Amino acid sequence: MTTYQILIAEDEPALRFLLQETLEDEGYNVVEAEDGKQAQEKLSSHPFDLVILDYMMPEATGIEVCEWLRQSGGVNAQKPVILLTAKAQEKDRIRAEQAGVSLYMSKPFSPLQLMDAAEELLSGSGGDE
């Protein structure tokens, strides 16, 4: 079985820990970033199978990181991106779609919802709602 590499960029330590534990318990290899700039550095330096970004982060928002990623042409440019956000307005969802986000997930969400979304995107059957 392939061990998928997942990047989690989330500035809230408790949520980042919860996401990491949940994903690692399912056998995923997780790399963490505390802000948008760290996420960009990690995305520049090694390949991931899935990227999970918080919308509101210091240094660069999840939207900005996703836009940068899609335009980078790098090894992760076409990888699925889940955007976690408390911003639930339609304009935010449209902005995320324009940035190239694969799945927009509103907070609060359950770790099981995230696991299902991750598995769907990693299996190649998800991304379009």
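Just so it is clear, the model here is predicted, and its values are computed rather than measured.
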| said: As a quick check of understanding, evaluate side chain to side chain contact (heavy atoms under 4.5 Å, CB included) for I52 and L114, giving each step before the final call. | reply: CA-CA 10 Å; I52 300 173; L114 181 66; 4.2 Å; yes
| said: Please determine whether side chain to side chain contact (heavy atoms under 4.5 Å, CB included) holds for the pair K79 and L50, giving the CA-CA distance in whole Å, both sets of side-chain angles, and the decisive distance to 0.1 Å. | reply: CA-CA 6 Å; K79 300 299 169 135; L50 176 65; over 6 Å; no
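Interatomic distance, L7 CG to Q40 CD, rounded to the nearest 0.5 Å: 11.0 Å. Summarising the geometry, atom CE belonging to M115 is positioned 9.0 Å from atom CG belonging to D25; distances are rounded to the nearest 0.5 Å. Atoms CG and CZ, on L83 and R93 in that order, are 10.0 Å from each other to the nearest 0.5 Å. With rounding to the nearest 0.5 Å, the separation of CG in L112 from CD in E26 is 8.5 Å. Atom CG of L18 sits about 4.5 Å away from atom OG1 of T22, to the nearest 0.5 Å. Considering OG of S102 and CD of Q78, their distance stands at 9.5 Å, rounded to 0.5 Å.
Placement of I94 and Y104 in two distinct hydrophobic clusters is found when ILVMFWY residues are connected by side-chain heavy-atom separations under 4.5 Å, directly or transitively.
In this structure, the side chains of I6 and V31 stay at 4.5 Å or more apart for every pair of heavy atoms. Within the 4.5 Å cutoff, the side chain of M105 has heavy atoms near those of the L103 side chain. A heavy-atom distance below 4.5 Å is found between the side chains of E34 and R16. Side-chain contact between L53 and L84: absent, with no pair of heavy atoms (C-beta onward) separated by less than 4.5 Å.
Under the rule for a side chain to side chain contact (heavy atoms under 4.5 Å, CB included), Q71 has no partner lying at least two apart in sequence or in another chain. When the side-chain hydrogen bond (donor to acceptor under 3.5 Å, both in side chains) test is applied to E41, the partners found at least two apart in sequence or on another chain are K37. Residues passing the side-chain hydrogen bond (donor to acceptor under 3.5 Å, both in side chains) test with D11, sequence neighbours excluded: none. For Y28, the ring-ring contact (aromatic ring centres under 6.0 Å, His included) test picks out no residue, with sequence neighbours left out.
Using a distance-only test at 3.5 Å, with no hydrogens or angles considered, a donor-acceptor pair links the side chain of E10 to the main chain of E12. Checking side-chain atoms of E119 against main-chain N and O of D116 turns up no donor-acceptor pair under 3.5 Å.
The heavy-atom pair separating A33 from A39 by the smallest distance is CB-N, 3.6 Å.
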Listed pairs under 3.5 Å, donor-acceptor, residues 56-67 side chains, sequence neighbours left out:
unit_1: T61; atom_1: OG1; unit_2: I63; atom_2: N; d: 3.4
unit_1: T61; atom_1: OG1; unit_2: E64; atom_2: N; d: 3.0
unit_1: E64; atom_1: OE1; unit_2: T61; atom_2: N; d: 2.9
unit_1: E67; atom_1: OE2; unit_2: R95; atom_2: NH1; d: 2.6
unit_1: E67; atom_1: OE2; unit_2: R95; atom_2: NH2; d: 3.4

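Ionic pairing of D54 and K107 is present here: one or more N-O contacts between side-chain nitrogen and carboxylate oxygen are shorter than 4.0 angstrom.
No more than 12 heavy atoms of other residues, nucleotides or ligands sit less than 6.0 Å from atom CZ of F17. Applying the 6.0 Å contact sphere to CD of Q113 captures more than 12 heavy atoms from other residues, nucleotides or ligands.
Within the structure, every pair that satisfies the ring pair (Phe, Tyr, Trp, His ring centres under 6.0 Å) test and touches residues 43-81, not counting sequence neighbours, is listed here: H46-F48.
Partner of L121 under the side chain to side chain contact (heavy atoms under 4.5 Å, CB included) criterion, chosen from V81, I82, D49: I82.
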